[in-house]
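Labels below follow one simple rule: chain letters A, B, ... track the order of the sequence lines, proteins then strands, and each chain is numbered from 1.
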Amino acid sequence: MPAPLLELKGLQVEFTTFEGRGVTLDIDRLEVLEGESFGLVGESGSGKSLTALATLNLVPNPPGRIIRGEVWFQGRDLLRLPPREMGRVRGAQIAAIFQDPMSSLNPVFTVGEQVTRVLMHHQRLDRKTAYRRAVELLETVRLSDPETVGRKYPHELSGGMRQRVVIAIALSCGARLLIADEATRNLDVTIQAGIIDLLTELKCRTGITVLYIANNPAVVAEICDRIGLLYAGQLVEVGPSAAVLAGGGHPYTRALLAAIPRVGDTREVLEVTEGFPPDPIRPPPGCRFHPRCRRASPECQAATPPAVTLGPDHRVYCHHAGWSA
Amino acid sequence: MKGIRAWSVAVSVLLLVTVALAGCRQAPRAGAPDVFVIANNIDPMWSWDPADSFGEEIPVLFEMYETLLRYHPLQDKLEPVLAEDWDVTPDGLTWTFRLRSGVKFHCGHAFDATQVKKSIDRTRERGMGAAFIWDAVERIDAPEPQTVVFHLSYPIPVDLTVASAYGAFMYCPKCLEEKGDDHYNNGNACGTGPYKLESWRRGDQVLLTRFDDYWRGWEDNHFDKILVKVVPETGTARQMLEAGEVDHVRLLPFEDIQVLKKNPRFNVAVSPSFQNVYILINSIREPLNDARVRQALSYSIPYADIIKYVMHDYATQSVGPVPAGMWGHDPGLKQYTYDLTRARELLAAAGYPNGGFSLVMTVASGDENHRKVAEMWKGELAKLGIALDIRTMPFDAQWDLAKSPDVKQRQDLYILYYWPDVTSPQAFLEGCFVTQDDYIIFNLSYYSNPLVDDLVYGAWQAAGTDRVRATELYRQAQAILLEDAPAIFVYDMQNVRVLNASVKGFKDNPAYPYVLFVYDLYREGKR
Amino acid sequence: MTTPMVEAQAVKMYFPIRAGVLQRPVAWVRAVDGVDLAVRKGQSMGLVGESGCGKSTLVRVLLRLYRPTAGRVRFMGQEIGHCPDGKLGVLRKEAQMVFQDPYWSLNPRMNVGEIIGEPLAVHTRLSRRELASRVEGVLTMMGLASGDGRRFPHEFSGGQRQRIAIARALVLRPRLLVLDEPTSAIDALSQAQILNLLNSLRQELDVTYLTVSHDLAVVSYLCEAITVMYLGKVVEHGLTRDVFRNPLHPYTRALMSAIPQFTSAVKRERIVLSGAVPSAVTPPPGCRFHPRCPERTDRCAQEEPGLLEAAGGHHVACLSAPVQPGDPH
Amino acid sequence: MFVLVGVSLLTFMMTVIIPADPAARWAGVRATAEQVAKARQELGLDQPLPVQYLRYLSGVLRGNLGVSVRTRQPVMVDLRAYLPATAELVVVGMAISLAIGLPLGIWSAVRKDTWVDHMCRAIAVFGVSLPTFWLAMNLQVLFFRWLGWFPLGGRLSSMLELTTTVPHLTGFLLLDSLVTGHWEVFGNSLRHLALPALTLAAYPLGLVAKQIRSSLLEVFGEDYIRVARAYGLPERVVTYSYALKNAFGPTLTVFALCAGYSLVNTFLIEAVFNWPGLGNYTAMAVTTGDYPAIMGITLVVAVMYVILNLIVDVLLALDPRVRV
Amino acid sequence: MALPANRPRPAVLEQIRYSGYLITKNSLTTVGFGIVLVLLVIALLAPVFVPHPEHAVLGTTNVAEALRPPSGRYLFGTDELGRDLFSRVIYGTRISLQIGTLAVGLALLIGVPLGLVAGYLGGFVDEVIMRVTDIFLSFPPLLLAIAVAALLGRSLTNAMIAIAIAWWPWYTRLMRGTVISLREKPFVEAARMMGTPATRIMVRHVLVNSLSPVIVQASLDFGSVILTSAALSFLGLGAQPPQPEWGLILSTARNYFLVAPWYSFFPGMAMVITVLAFNLVGDGLREITDPKTRRL
């Protein structure tokens, strides 16, 4: 098994608002292996984007604050790096693409200019060389007529093209890890399919490690080797895609899989989990899923569930692990 | 952050440079012409045509233009200027003036009888400003180059008329013939006076320079130029005076004058004036059409306080409409006092024991003294149960309102600052109190009394030949006016002129308000 | 055949693009460009397509939120496309809508009771007490507490708000309920709750559903029939199971192949479309899908395919599709 | 264009509803009823309103704004005489406000919630809260009365004005004297300009600082700035290049607003500082009820303001976001 | 940072507490609110603690005591007619708050409904209203106020009307923008869908949701309006003597500012404090209501 490229340990992020202060993100352990595709899945508000920001040490402060934890990347704890060093890691070592390509691009510069600037900064290229390289990159992300596209402003491009530009910027410095934070969220399915194919292809070609963040397990199921599930800021299950999606692990995983309708489904009634997602500022104590869990017992409320190994590289955080329907 | 720092440095440097520049004050240059600088609170030149001028222009015009005679009211005598002497027929209808020879206009044309005739005829024809002073003149003849004869339709004192502060200037008619009738109004001037126009900028300044061919000639100590700067802020004007930038400020608040008086660097000259202040009462409106109510109002003014605190004792309470010092003034006439008890009795007699009505008083905006008088009076009227509604408005608006065709629109009380054109009681009594039905001049009381009309016009006809009779008729008219009280005669003003102490030779002439006659002045020492 | 609940005939909806000093229209966005559609009484119809295909515009025309540029719209047999606003009483009472965005679909300044009670206040003359009890009844039906009526929308989660929106739509007991992406903005567990609720309500209340969605899975779960739109046109129409089992239009096939599936082990053959959706201002000539179609022929660029029946009730607008000859729809 | 016609229509309407009778004013103080009627005819006031408006409009187009009642000069001539002094004041004042306001606002945004920010915000909010004329008087007391650094008012010392003639090139005394090498005049006029310009700058300074701060903060909250940081672009590039360019749009709009405001604010400042400009002229027109002058100024300033806004619109249209 | 919005929020009382929290969170805003409260109290209680109410209300003069510098007897000194400046400045608070309220209120009364109608109805109505608004907006507000006040004649009421005439188009424009963004919101569509009459939609759905930016703007304008009315009075176009209006006092004080600096200092200071307070409140409100600057 390859070594972890990225490893989060005991990461806790706290948010302060008027209503109070709460640990919004609480991840015991999460590793992304060299060269793999890792899918991090959770509802909006489950803390998956926050995980990405914490990894880059970009949690907006205030109101957020990383209170403890370590982020190991290539043998260094990113949270302890001086800002200047961290700036070099971002972009050069870890690149990120976000869900809304429009707001990720600066509206007043041409996309070519934006790619060029990052290249100039990271690879110390002069403007001309950087621009040539930028056009090449735009071609790499399957943009037809990259010269023309490079001269356009973000708003003149369609959503799919913008996302490709963002990917080009992310690739521009030869990063080892690409964090794709809901990169296809607001795109149509046909466009989304194109982007996913592009990412898969780039991964094959460059061997880059991808941390894929999505709210729909189906999206990552197709392309990821391993999957982690988040619920209300806690990691509930992590393991190989097939094993996790088989649905034998955490009650939340089961509930989620049962709730998602599928094409060609013959079920008359979807299996319903009662209740509502918890307030991220005031999550329930113990296992955060326990108010909605059918198997909940007093200990679920009392204590944070331990990691239980279900199979090779397959962990579940549940007091009743191994329970089956 | 580098950018910010660079900015801050640049800005600080800029500020420092400005401050440094500010530090070095320029010293006055040597060998510069000696300029007499006047700070005027308004643009003095409303009208450039001496035929039309009826306002604030005379301090400038009198430096450029001259009249045939000049009146010296303190000695009550007329002094020859462009005319050397004159006589009148016993019927008072024919006046003959003999002119000075060798006088030239600024343009180089000679001054002679034809020019006098032409310029007065033109003034009469235009009918603007104070042209009415020539109403009695039937015809002017110029039988010889140095002789002018006035033929009148009824007798008036033409000697006083030709010395009038308004409408009696001798200007060059030839210039107009050559350059068009609008020549003067386009900002040009051509007179016989000691100074000629060099340049002017509307609303900013007028610069006069000496006329080398002036008939009285030039000696060493005359001023070379006169600069009239428009400085609307009295505070600024005072500062300029203190900084030695100006020699004279036309108008200063008395509060400032009180301070300057103590400073030996300034000369505060106080002398009697012919200016006075009336409050004209709308005598055709309820309840002011009752003379008792008007008398009550006359008793309600705190005369002493106004003179002491508003005028800082640079005024005296009026006795009648004709100011003290002018012929025709009679100190023995009735004088109202501040007496609220008496006022209450009169109001009660008229049927308003507790007041119970309100009055609108208009005050020209910018006139601080009038506003103060109004505000002080308001408090007294309140004690009588009369509400006073003070409305400050531009003079023109105040004027329009007073002459509004809709009588109901007109104000109840109009505070008027008045001064004479021709130096005689006629200016006051005819201007403000004779019946003015078809058009109103200054009779803003809308007062009409045939008896007063007869007395006033009779006096004027006698004035040229029988001063004693005229004086008596004026006295009778004033007595009626005081009893009828169409106006409140508040105070007679004094002229207070503030000059830099280095300026010598100043003698105020109340017949020509604010005129300095700079030719007579000279400088001793530094400004 | 009975009168359809709602029916569109050759409906076009163009929006002007204004420019210049005089703000004259210089071009038109052809959001809906000649659509025929009929929803039977009691049916649950799904309208699918990607963003910009005109599906949202179409339902807004059907509900007369927009006045169609051309074509006819009938609601329960009554022409509503061009009649004056005052004559829309039946439509306004019998057709209601649930919107995608659960945050902005409820007036933040009104409490839940007022929100749900508003249709009653507009259309009926109920007393305050009756109104309150109707509101309470519908709240209970939606699985909300009766005390929730006094609370404000921001106090609820997305799923709960969508229930409130449904309650508002159903309080008048309408005959037609239009669901515009009813679950796309809420979490998966709540989505299941809502979908189940909608399904059970339909049976309970005998109401016709017209669901607009880009999520084929949701449509397949909720709808009996399905209409696929592309760039202002209907490209395929049929019973859900027929369309899913046997998609006839290349676009439908691409759409279905792009749906993410939980089948990671077996890599499916995905049809990836090239390029982006063309602008609705200048749609391509001929078949509007031809520039992106993997199966295009030369004919496609010239000839515009009509919507023809391929099998019982299964229509398609494609020149290459096997259709029954001589039977225009 | 439409707006300009509307502006002229509105000003015309104002001239119509003036309480005073222009004909009576024109005819003079001692005019008889016939003379007034004649004046009315001469001025075309007996015509129906639309005709009057068309005459007014064609006059305006030919640069005829009527004749001032007070100065008896065509208003246009007066304006031409007074405008350069005002323009100089406004330009210098606005320049000061930008030179100080921009860095202040940027600094404030970059150091949000530090003492620097609080201080900058305090300066900004004071700037927009000070009554102009009061500030003017206090500056006079401080810099003239107490420190004696700057003169009290006017554009040049009167002595200098008499002894030196600077060629009239632009009407901007500073520029004219600099170009022609009249150093003494340059320094002197700079000293005269300092206080009024500073007073004028106070309000726009505060507004510009406030605006650039809030625009910047807004931009800082945008995803693309976060993304730019995620790509490791240095903070300097992020702030001054990425963010600032985005924040300029609204600031420009506010700046135009400020310039319009300043143009009118000079009315008060010039009155206090005795600055021989448009403002002084206006203040005088207001005190004397010179309606033709007031309306002329209103029209001209409004037109200038419209043009200014037009320029800003054009500049804003250079923003790629609005380009379609 | 997008925190989920679906977390249950506090109830109405909590909302008030929440606003209170936001107000107190920013110390400058707190100061602003505090000053405004104090000003209100001063304005209401002026007759109770002012030594010479007659100097302010009636304008009674006391010339023997003219231009006295500040002392125990006259806290702010006296004016040129011997009136107690402290009393006058304090009473001026009333006038200024009145001017602010009435002028802004009038402008809102004209501007808000027009903006609402223009924004909601759109089309021809919108076109007409906005063209008229544009014309008014082409005048700098102070200039328009001066011109209108000069036309209407000199009084405080006319000055307020003039200010309202100069200000309403800003509210129309602001309101229209907000309304247009709200018009397409689903809850408005829902209301139209269910056949709610247009007037009811405009009032119950659109108006109530579009007020907060208007309120923010109004509180910011409160300060500008006080400044503008002072400027008008300064030019002689506003309050009439002996009203203790700050601008008018300053205008008179201008004649004495070198002889009696206190005369202009105190009314000016009062005005600065008032305007400053409203600006702080406005800025604070903007920060509270504007989600973009909100730190959540």
Side-chain angles (χ1 to χ4, degrees), chain B residues 41 232-242 251-260 302 304-312 360-383 387-395 397-398 400-401 409, chain E residues 52-69 77-83 88 146 149-159 232-245 247-264:
Chain B
N41 62 325
E233 291 299 300
T234 55
T236 315
R238 178 183 152 187
Q239 292 307 322
M240 292 172 82
L241 186 72
E242 287 185 328
L251 260 179
L252 272 180
F254 294 122
E255 286 79 2
D256 289 307
I257 291 173
Q258 297 295 68
V259 179
L260 294 173
D305 275 355
I306 286 173
I307 284 155
K308 184 164 178 207
Y309 296 109
V310 176
M311 300 307 291
H312 292 261
V360 172
M361 177 169 182
T362 60
V363 177
S365 54
D367 197 319
E368 271 293 280
N369 293 338
H370 289 183
R371 181 187 60 79
K372 288 185 199 170
V373 167
E375 287 200 46
M376 287 170 73
W377 194 24
K378 184 184 166 84
E380 303 304 327
L381 287 177
K383 294 177 193 163
L388 185 67
D389 180 5
I390 303 168
R391 296 199 189 144
T392 59
M393 44 177 73
F395 176 82
Q398 188 190 14
D400 280 347
L401 192 71
Q409 293 280 311
Chain E
H52 297 285
E54 75 280 2
H55 286 180
V57 182
L58 298 171
T60 312
T61 54
N62 183 21
V63 276
E65 298 277 302
L67 293 178
R68 296 287 148 98
T78 63
D79 68 7
E80 84 285 6
L81 290 169
R83 291 178 296 213
R88 285 174 68 77
I146 289 175
L151 289 184
L152 291 178
R154 307 175 168 221
S155 78
L156 199 54
T157 324
N158 287 345
L232 289 179
S233 294
F234 189 74
L235 289 173
L237 291 172
Q240 291 296 300
Q243 276 173 308
E245 202 266 344
L248 182 65
I249 300 180
L250 278 178
S251 158
T252 320
R254 184 159 59 131
N255 295 312
Y256 308 96
F257 83 98
L258 292 170
V259 187
W262 66 87
Y263 192 175
S264 58

Self-check item: Residue selection (most heavy-atom pairs with chain B, distance under 4.5 Å) from E/G82, E/A64, E/G236, E/A260
Solution: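 Between E/G82, E/A64, E/G236, E/A260, the count favours E/A64.
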Self-check item: Those residues that, when tested against B/V360, pass side chain to side chain contact (heavy atoms under 4.5 Å, CB included) (two or more places apart)
Solution: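 Here the qualifying residues are B/D389, B/R391, B/D412.
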Practice problem: Could you pull out all residues at least two apart from B/D305 that satisfy side chain to side chain contact (heavy atoms under 4.5 Å, CB included)? | Solution: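 So B/D305 forms a side chain to side chain contact (heavy atoms under 4.5 Å, CB included) with B/P302, B/Y309, B/M376, E/V63.
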Let me know if [X] has heavy atoms under 4.5 Å from chain E in its side chain, its backbone, both or neither.
X      : result
B/K372 : both
B/Q239 : side chain
B/E368 : side chain

How many angstroms lie between atom [atom1] of [X] and atom [atom2] of [Y], to the nearest 0.5 angstrom?
X      : Y      : atom1 : atom2 : value
B/K378 : E/T60  : NZ    : OG1   : 9.0 Å
E/R154 : B/T362 : CZ    : OG1   : 12.0 Å
B/T392 : E/L237 : OG1   : CG    : 9.0 Å

Quiz prompt | Minimal non-hydrogen separation, B/P253 against E/N255, with atom names | solution =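 The pair with the smallest heavy-atom distance is CG-O, 4.2 Å.
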Quiz item: Quick one: what part of E/L67 sits under 4.5 Å from any heavy atom of chain B, side chain, backbone, both or neither?
Solution: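 Contact with chain B involves the side chain of E/L67 alone.
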Self-check item: Portion of E/L81 that has a non-hydrogen atom of chain B nearer than 4.5 angstrom
Solution: side chain
Quiz prompt | E/E80/B/R371 under side-chain contact (heavy atoms from CB on, under 4.5 Å): CA gap, chis, key distance, verdict | solution = CA-CA 11 Å; E/E80 84 285 6; B/R371 181 187 60 79; 2.4 Å; yes
Quiz item: Taking every heavy-atom pair that is under 4.5 Å apart, which of B/V363, B/I390, B/D256, B/V310 has the most such pairs with chain E?
Solution: B/I390
